[in-house]
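Note that the structure is predicted; figures quoted are calculated from it, not measured.
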Amino acid sequence: MVKVTRAPHPKEKEKTRSITYRLTEHLVQELETEAMEQNISQNVLVKQILGKYIEWYRFSEKIGMIPVPKTLLQTLGDSLDGQDIDAIINLIFPIIKDNVMFMKGGYDLRRCIETLEDYMKASGMKSDHRVEGALHHFIIQHDLGKKWSVFTEQLLAQIFHSFLPDQKLKFQTTDTTVILTVALGADFSEHEY
């Protein structure tokens, strides 16, 4: 039986150093409250905030991203048909390529997957990457409805086939979740490029 594991993110022990910032009393109180509500230390909370900024938010304005309420996307998704989904994918695909190149300094499957993971983390979507021998399972839970599942499946298929045109992709799709299974090898990591 092949063991299923979550894909490891780099665990290299990075050097740390202590620094001091001057913050308003109100901001410190808000950080203290948020850390208590999440049951984490203020240090962990601030590291998470700064990490999200470095991974995504510092680029989001530069690449033209704007926050959109989830209910608006759900409502828009209800009216999409197959042609609309194809048109959106054809429009967004070159934008994804440009954004990955800008954010990651190159364009390949690893950088593309990592950028999509960063986007999902920043937007609050649940995602996971599990490895089962040579098989990789990319799990996305968007909670936006069936049409967005179809969109996600077709977008992932186009991205993966642009790099691996002959690779067999297997999808499992519900109204809220898409799972892509693809053989990438046991040593594949989107964080090593």
| query | Rounded to the nearest 0.5 Å, how far apart are CD1 of Ile113 and NE2 of His191? | reply | 9.0 Å
| message | Are Leu135 and Leu109 connected into the same hydrophobic cluster when the rule is that any two of I, L, V, M, F, W, Y join if their side-chain heavy atoms are below 4.5 Å apart? | response | no
| Spacing of Lys97 atom NZ and Asn99 atom CG [to the nearest 0.5 Å] | 12.5 Å
| message | If hydrophobic clusters are built from ILVMFWY residues whose side chains come within less than 4.5 Å, do Met36 and Leu23 share one? | response | no
| request: For residues His26 and Glu30, determine if any side-chain heavy atom of one lies less than 4.5 Å from a side-chain heavy atom of the other. | output: yes
| request: Identify the two heavy atoms, one from Lys70 and one from His142, that lie closest to each other, and give their separation to 0.1 Å. | output: CE-O, 3.6 Å
| field | Interatomic distance, Thr115 atom OG1 to Ile96 atom CD1 [nearest 0.5 angstrom] | value | 9.5 Å
| Are Val68 and Leu76 connected, step by step, through hydrophobic side chains (Ile, Leu, Val, Met, Phe, Trp, Tyr) whose heavy atoms are closer than 4.5 Å? | yes
| Considering only heavy atoms from C-beta outward, does the side chain of Gln141 approach that of Ile139 to under 4.5 Å? | no
| query | Is Asn90 atom CG crowded by more than 12 heavy atoms from other residues, nucleotides or ligands, each under 6.0 Å away? | reply | yes
| said: How close do Trp148 and Leu73 get, counting heavy atoms only, and between which atoms? | reply: NE1-O, 2.7 Å
| query | Does the Arg111 side chain pair with the main chain of Met101, one donor and one acceptor, at a distance under 3.5 Å? | reply | no
| Taking a hydrophobic cluster as the set of Ile, Leu, Val, Met, Phe, Trp and Tyr residues connected by side-chain heavy atoms closer than 4.5 Å, whether directly or through intermediates, do Met120 and Met65 fall within one such cluster? | yes
| said: Would you call the rings of Phe160 and Phe138 parallel, tilted or perpendicular, taking 30° and 60° as the class edges? | reply: tilted
| So do the side chains of Lys47 and Thr16 get within less than 4.5 Å of each other, counting heavy atoms only? | no
| query | Step by step, would you call Val150 with Leu80 a side-chain contact (heavy atoms from CB on, under 4.5 Å)? | reply | CA-CA 10 Å; Val150 171; Leu80 294 176; over 6 Å; no
| query | Linking I/L/V/M/F/W/Y whenever their side-chain heavy atoms sit closer than 4.5 Å, directly or via other members, would Leu72 and Leu144 fall into one cluster? | reply | yes
| message | Within this structure, what is the CG-CD1 distance for the pair Leu50 and Ile54, rounded to the nearest 0.5 Å? | response | 7.0 Å
| task | Would you check, one step at a time, whether the test side-chain contact (heavy atoms from CB on, under 4.5 Å) holds for Met103 with Trp56? | result | CA-CA 8 Å; Met103 295 171 70; Trp56 185 259; 3.3 Å; yes
| request: Determine whether Gln48 and Ile40 make a side-chain contact, defined as any pair of heavy atoms from C-beta on separated by less than 4.5 Å. | output: yes
| message | A quick test of your reading: do over 12 heavy atoms of other residues, nucleotides or ligands sit less than 6.0 Å from NZ of Lys126? | response | no
Solution key, residues 161-176 side-chain donor-acceptor pairs under 3.5 Å, sequence neighbours excluded:
from, atom 1, to, atom 2, distance (Å)
His161, ND1, Ala157, O, 3.2
His161, NE2, Gln167, O, 3.2
Ser162, OG, Ile159, O, 2.6
Gln167, NE2, Ala183, O, 2.7
Thr173, OG1, Glu153, OE1, 2.6
Thr174, OG1, Thr176, N, 3.2
Thr174, OG1, Thr177, N, 3.1

| message | If you compare all heavy atoms of Thr152 against all heavy atoms of Ile140, which two are closest, and at what distance to 0.1 Å? | response | CG2-CD1, 4.0 Å
| Nearest-0.5 Å distance that lies between atom CE in Met125 and atom CG in Leu116 | 10.0 Å
| query | Which heavy atom of Lys147 sits nearest a heavy atom of Asp78, and at what distance? | reply | NZ-O, 3.5 Å
| Distance (rounded to the nearest 0.5 Å) between Ser189 OG and Glu114 CD | 8.0 Å
| task | Classify the ring geometry between Phe188 and His136 as parallel (under 30°), tilted (30 to 60°) or perpendicular (over 60°). | result | perpendicular
| said: If you compare all heavy atoms of Leu31 against all heavy atoms of Leu45, which two are closest, and at what distance to 0.1 Å? | reply: O-CD2, 3.4 Å
| How about Tyr119: does its OH atom have over 12 heavy atoms from other parts shown lying under 6.0 Å from it? | no
| query | Side chains of Asp86 and Gln154: closer than 4.5 Å at any heavy-atom pair? | reply | yes
| Does some side-chain heavy atom of Phe151 sit less than 4.5 Å from a side-chain heavy atom of Asp84? | no
| message | Give me the atom names and distance for the closest heavy-atom approach of Gln83 to Asp81. | response | N-OD1, 3.0 Å
